[in-house]
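Comments concern the structure below.
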Amino acid sequence: MKFKPLSNHVLVEAVTDDAKTTKSGIVLPDNVVKKKQVKGTVTAVGPGKLNDEGERLPLAVKVGDSILFKEPWSDDHKFEEEGKKLFLIDEDDILGIIE
């Protein structure tokens with residue numbers, strides 16, 4: 001899929017941790033473990049937001065960056081493509097870049 005976000009939007013592919021195990025060795029299914037932050041990989045970025053002078057403000061992330069972000073509460077920003085879990089988020093929802 002070719003997709004170009006607009007403004008300060010970022011398309012992110014979620015990275016899932018397959019093994020969610022407690023310290024005692026109990027494996028938890030995905031529907032039990034609900035995190036508010038999600039790890040992902042940036043797959044596309046928009047050109048940036050316009051400031052009051054009409055200049056573009058560049059985004060702090062680029063394609064390929066590993067990030068930690070807030071999962072959107074609305075299903076309008078979540079979708080699947082070719083078996084990949086994708087999110088369309090604002091740059092403001094990115095908590096940080098994982099190095």
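Since the model is a prediction, treat every value here as computed from it, not as a measurement. Counting begins at 1 with the first residue of the sequence. Values reported hereafter were calculated over all heavy atoms of this structure, with side chains retained and with hydrogens, waters and symmetry mates removed.
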Pairing residues for Asp90 by the side-chain hydrogen bond (donor to acceptor under 3.5 Å, both in side chains) criterion, not counting sequence neighbours = His9
ask   = In chain order, what residues pass the side-chain hydrogen bond (donor to acceptor under 3.5 Å, both in side chains) check against Lys78, with sequence neighbours excluded?
value = Glu71
Verdict with reasoning, Val61 to Ile67, per side-chain contact (heavy atoms from CB on, under 4.5 Å) = CA-CA 9 Å; Val61 296; Ile67 62 169; 4.1 Å; yes
request  = Working to the nearest 0.5 Å, report the span between CG of Leu88 and CG of Leu6.
outcome  = 9.0 Å
remark   = Taken in chain and number order and not counting sequence neighbours, the residues that satisfy side-chain contact (heavy atoms from CB on, under 4.5 Å) with Glu53 are Asn51, Glu55
ask   = CD/Glu13 to NZ/Lys84 distance, rounded to the nearest 0.5 angstrom?
value = 5.0 Å
query = Does the pair Val38 and Leu68 meet the rule for a side-chain contact (heavy atoms from CB on, under 4.5 Å), with working shown?
reply = CA-CA 6 Å; Val38 180; Leu68 185 67; 6.0 Å; no
message = Restricting to side-chain hydrogen bond (donor to acceptor under 3.5 Å, both in side chains), what partner residues turn up for Asp76, sequence neighbours left out?
response = Ser74
query = Hey, mind stepping through Val10 and Leu59 against side-chain contact (heavy atoms from CB on, under 4.5 Å) and telling me if it holds?
reply = CA-CA 9 Å; Val10 179; Leu59 275 68; 3.6 Å; yes
message = Within this structure, what is the CG-CZ distance for the pair Asn8 and Arg56, rounded to the nearest 0.5 Å?
response = 10.0 Å
ask   = Under the ring-ring contact (aromatic ring centres under 6.0 Å, His included) rule, what pairs show up with a residue in residues 80-99, not counting sequence neighbours?
value = Phe69-Phe87
key: Between CD on residue Glu81 and CZ on residue Phe3, distance to nearest 0.5 Å   = 10.5 Å
For residues 92-99, run the donor-acceptor check on the side chains, cut-off 3.5 Å, and write out each pair with its distance to 0.1 Å, sequence neighbours left out.
none

key: Set of side-chain contact (heavy atoms from CB on, under 4.5 Å) partners for Ala60, sequence neighbours left out   = Glu91
ask   = Between Pro47 and Pro5, which heavy-atom pair has the shortest distance, and what is it?
value = CD-O, 3.6 Å
Worked check of side-chain contact (heavy atoms from CB on, under 4.5 Å) between Val12 and Thr41 = CA-CA 5 Å; Val12 180; Thr41 303; 5.8 Å; no
inquiry  = Using the salt bridge (Lys or Arg N to Asp or Glu O under 4.0 Å) criterion, which residues pair with Asp65? Sequence neighbours excluded.
reply    = Lys62
